[in-house]
Amino acid sequence: MSDIGVTVKKNEAFSEWYTEVVVKSGLADYAPIKGCMIIREHAYAIWEKIQGIINKKIQATGHLNVYFPMFIPEGFLKKEAEHFEGFTPEVAWVTHGGDSPLEEKLAVRPTSETIMYATFAKWIRSWRDLPIKINQWCNIVRWETKATKLFLRTREFLWQEGHTAHATSEEAEKEVLYILGEYRDLMENYLAIPVLVGLKSDSEKFAGALYTMTLEAMMPDGKALQMGTSHNLGQNFAKVFDIKFVGEDEKDHQVWQTSWGVTTRLIGAVVMVHGDDKGLVLPPKVAPIQVVIVPIPYKGADAEAISSKAKEVAAKLQARGISVVLDERAEYTPGWKFNQWELKGVPLRIEIGPRDLKQQQVTIARRDTGQKIAVKEEEIFATVEKLFEDIQNNLFEKAKVALAEKTFTVQNYEEFKRIVAEIGGFLKVAWCGSSECETKIKDETGATIRVRPLENEKPTVTCIRCGQKAKEMVFFARSY
RNA sequence: GGGGCUGUCGGCUAGCUUGGUCUAGGCUUGUAGACUUGGGCUCUAUAGACCCCGGUUCAAAUCCGGGCAGCCCCA
């Protein structure tokens, strides 16, 4: 284990800073397989927090967890042409069992629509079987050929994928928006990361979907990060997998479907958005360890009394549902511990030393601001709760400011190019709606349409690229 | 997709340009002990490395080729 802290500054060498923080804080490690990562204890604990939040949300609305095989027969993938075309370049194939070649090669799932929907066709016969609302937590393999980056782009990652089938188009549409709303709540109110929400353009939508809704965040280096997607699949898969039911009208109908997911990439976003030169900064709502208590047992001080006070405080906080670590390791100095827990992003640190004991108080330090305050013993819990709220809000507010600072409205293509090249960020522009302009802008600047916002305002100017009549205002950015 | 850079103890690195006292040095870390503890204490002892394959050469960490891996920049 390396115990040396972060050696580069976030605003000087962002990419290296990110890698250092991820590795040194114990979130992840490089795996001995190219493009793959080891998700370590700390990151997995954050992932479990995210799982808890999502499970609670979706289970409250009748979605249940399942598990489907990770192998998908080639024939399944091929059924929906656009889907197959979209995913086949990065599918990992299983071709042999032991030494014997398989009759039909198997894809290691790049996503599970096809294997699930082949099964839906068996499960669904009547309108009474609908809706189907399932979700699975699993790993996904997409054999990236581009440079990989811890959490943001790896060949294998973890996600949840929700899949639903409905009797009507309206129901499916409602589901897509419902999930979008819950994702937004997760990202903004738990991860403290503001997002732009809206539609993907046709060239960026999910392969096989009618349309894709997306949530996009802005990273400090000016690149956008797709945080989650919710797809309306329409009847595209229902047609090819023949998923039909007899309706109340006694006629055959095809189902309407949705799928939606978020991945471990969210953890990378938290690192990038909130982290600082000392390491991680975790929002209290998703911090696996919310409070660390560091006793300061001076020589000659009553170490026994300090230790028992620390235990007492820890127990009281734990009893109220707060996740606490009491760091009584004698072999490390307090200063060393401060640095280590700061690297790991623990939101609050409570110091208890002789001075505190004498005055029946503790010292509480905030991770986000570094501010230290003395708190009377009887006020510890209330103060901790209050500080959690403050930190959670502070992180979100800071991220909102950062997003606003990196959002530009431009009407001139030269200025557009300059901002993309020099600053990055989201560029709000008028767009004619043609994929030609979209492609040209991508080729000329590297920026793509990240979001077509839901609450669309009518453009008052012409298309940024072609100067023709504009259809809508969209957000361009370069992205991860 | 294109270009560039880099691989040395667990981590960070010196050495490489100009092959030879390199028997590979330092810091950090690990282990044992002592001393300490309000911001990465100090001391002692000890452990630990030239990415892999091939080539050139009397001689390779150093030069050449290939592989693998990582990073950066551009699209």
Side-chain angles (χ1 to χ4, degrees), chain A residues 1-8 12-26 28-38 40 89-90 143-150 152-155 221-223 276-279 292-307 309-310 326-344 346 349-359 361-367 369-375 417 420-422 424 438-448 476-480:
Chain A
M1 192 204 318
S2 168
D3 290 316
I4 304 298
V6 183
T7 60
V8 290
E12 286 173 9
F14 184 72
S15 195
E16 284 109 318
W17 169 87
Y18 174 78
T19 305
E20 267 200 29
V21 170
V22 167
V23 173
K24 290 183 173 175
S25 67
D29 206 346
Y30 285 97
I33 301 106
K34 182 179 164 63
C36 292
M37 72 185 289
I38 295 158
R40 296 197 57 181
E90 48 189 39
W143 211 255
E144 297 286 351
T145 53
K146 292 181 178 179
T148 56
K149 195 165 192 79
L150 294 170
L152 302 190
R153 184 183 288 127
T154 49
R155 285 181 171 172
D221 61 349
K223 285 188 184 172
D276 64 18
D277 291 343
K278 290 176 162 185
V292 61
I293 300 179
V294 180
I296 321 268
Y298 263 119
K299 190 178 175 104
D302 190 347
E304 195 76 354
I306 289 172
S307 173
K309 179 57 71 185
L326 171 56
D327 188 355
E328 287 207 277
R329 292 174 296 178
E331 62 273 27
Y332 293 108
T333 62
W336 196 95
K337 292 176 187 176
F338 295 170
N339 283 288
Q340 192 192 26
W341 294 114
E342 279 166 359
L343 180 58
K344 284 181 171 290
V346 177
R349 177 181 71 241
I350 299 184
E351 303 168 23
I352 303 178
R355 284 207 301 264
D356 299 301
L357 213 55
K358 203 193 286 176
Q359 297 171 49
Q361 65 174 33
V362 299
T363 302
I364 301 184
R366 282 174 69 151
R367 175 62 182 91
T369 59
Q371 185 192 17
K372 275 194 191 190
I373 51 169
V375 178
K417 285 199 271 196
V420 170
E422 289 173 16
E438 192 186 2
T439 309
K440 276 180 191 160
I441 292 171
K442 183 181 178 181
D443 292 345
E444 287 161 4
T445 69
T448 52
F476 273 85
R478 294 216 287 199
S479 69
Y480 275 101

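Basis for what follows: all heavy atoms, side chains included, without hydrogens, waters or symmetry-related copies. So you know, we letter chains A, B, ... as the sequences are listed, proteins then strands, and number each from 1.
Applying the Watson-Crick and G-U wobble criteria (two distances, each under 3.5 Å), B:G54 pairs with B:C64. Across all strands shown, B:U18 forms no Watson-Crick or G-U wobble pair with both distances under 3.5 Å. As the counterpart of B:G38, no nucleotide is assigned, since no Watson-Crick or G-U wobble pattern has both distances under 3.5 Å. In this entry B:U31 has B:A45 as its Watson-Crick or G-U wobble partner, both defining distances falling under 3.5 Å. Base pairing of B:U6: its partner is B:A69, meeting the Watson-Crick or G-U wobble criterion (both donor-acceptor distances under 3.5 Å). If you check B:U23 for Watson-Crick or wobble pairing at under 3.5 angstrom, you find it has no partner at all.
With B:G39, B:A75, B:C41 as the choices, the nucleotide that has an atom nearest any side-chain atom of A:Thr333 turns out to be B:C41. With distances taken from any side-chain atom of A:Pro297 to the nucleotides B:G38, B:G39, B:U37, the minimum falls on B:U37. Relative to the side chain of A:Trp336, the nucleotides B:G38, B:G70, B:C41 differ in distance, and B:C41 lies closest. Taking only side-chain atoms of A:Tyr332, from C-beta outward, the nucleotide of B:G30, B:C41, B:G38 with the closest atom is B:G30.
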Letter per nucleotide, 5' to 3', of nucleotides 43-50 of chain B [B base touched, S only sugar-phosphate touched, - untouched; heavy atoms, 4.0 Å]
--------
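The CE-P distance, from A:Met37 to B:G70, rounds to 13 Å in whole Å. In this structure, A:Lys223 atom NZ and B:C74 atom C1' are separated by 10 Å, rounded to whole Å. Atom pair A:Glu331:CD and B:G40:C1' shows a separation of 14 Å (rounding to whole Å applied). Atom NZ of A:Lys440 is separated from atom P of B:A75 by 19 Å (rounded to the nearest Å). Rounding to whole angstrom units, CH2 of residue A:Trp17 and P of B:C71 are separated by 16 Å. Atoms NZ (A:Lys24) and C1' (B:C12) sit 8 Å apart, rounded to a whole Å. As rounded to whole Å, 13 Å separates atom C1' of B:G70 from atom CZ of A:Arg155. Atom pair A:Glu328:CD and B:U37:C1' shows a separation of 13 Å (rounding to whole Å applied).
Remark: the A:Glu342 side chain and the B:G39 base include a donor-acceptor N/O pair separated by less than 3.5 Å. Under 3.5 Å, the side chain of A:Thr363 and the base of B:G38 form at least one donor-acceptor pair of N or O atoms.
Remark: the separation of the P atoms in B:G25 and B:G48 is 12 Å, to the nearest Å. Rounded to a whole angstrom, the distance from the C1' atom of B:U6 to that of B:G15 is 16 Å. B:U37 and B:A32 have their P atoms separated by 22 Å, given to the nearest Å. Comparing B:C68 with B:C41, their C1' atoms are spaced 43 Å from each other, to the whole Å. Remark: the separation of the P atoms in B:C5 and B:C9 is 22 Å, to the nearest Å. Of the C1' atoms belonging to B:U57 and B:A47, the separation is 35 Å, rounded to the nearest Å. Nucleotides B:G20 and B:U28 are separated by 29 Å at their P atoms, to the nearest Å. Taking atom P on both nucleotides, B:C71 is separated from B:A60 by 33 Å, rounded to a whole Å.
When only modelled atom types and interatomic distance are considered, A:Asn339 and A:Tyr332 share no side-chain donor-acceptor pair under 3.5 Å.
A:Trp17 places a side-chain N or O within 3.5 Å of a backbone atom of A:Asp276 that can act as its donor or acceptor partner. Within the 3.5 Å criterion, the main-chain N or O of A:Ser25 finds a donor-acceptor partner in the side chain of A:Lys344. No donor-acceptor distance shorter than 3.5 angstrom exists from the side chain of A:Asp443 to the backbone of A:Gly446, with no hydrogens or angles considered. A donor-acceptor pair under 3.5 Å is absent between the side-chain atoms of A:Ser307 and the main chain of A:Ala303, judged by distance alone. Using a distance-only test at 3.5 Å, with no hydrogens or angles considered, a donor-acceptor pair links the side chain of A:Arg155 to the main chain of A:Glu144. With A:Arg367 contributing its side chain and A:Glu342 its backbone, the two residues share a donor-acceptor pair below 3.5 Å.
Contacts of A:Trp341 classified as side-chain hydrogen bond (donor to acceptor under 3.5 Å, both in side chains), with partners at least two apart in sequence or in another chain: A:Asp327.
Note on A:Arg349: every side-chain N or O is 4.0 Å or more away from OP1 and OP2 of B:G39. When the side-chain nitrogen and oxygen atoms of A:Tyr30 are compared with OP1 and OP2 of B:C71, one or more of them lie within a distance under 4.0 Å.
Nucleic acid contact for A:Gly35: sugar-phosphate only, since backbone atoms but no base atoms lie under 4.0 Å from a heavy atom of the residue. As judged by a 4.0 angstrom heavy-atom cut-off over every strand, A:Lys372 is placed among the base-contacting residues. Residue A:Asp443 is classed as a sugar-phosphate contact, given heavy-atom separations below 4.0 Å to backbone atoms only. Within the nucleic acid shown, A:Gly353 comes within 4.0 Å of at least one base atom, counting heavy atoms only.
Nearer to the 5' terminus of RNA chain B, by closest-nucleotide assignment, is the contact made by A:Thr19 (compared with the other of A:Thr19 and A:Glu444). Both A:Lys337 and A:Leu150 lie near RNA chain B, and the one whose nearest nucleotide falls closer to the 5' end is A:Lys337.
Taking a cutoff of 4.0 Å between a charged side-chain nitrogen and a carboxylate oxygen, A:Glu444 and A:Lys440 do not qualify as a salt bridge.
Counting heavy atoms from C-beta outward, A:Trp336 and A:Arg329 have side chains that approach closer than 4.5 Å.
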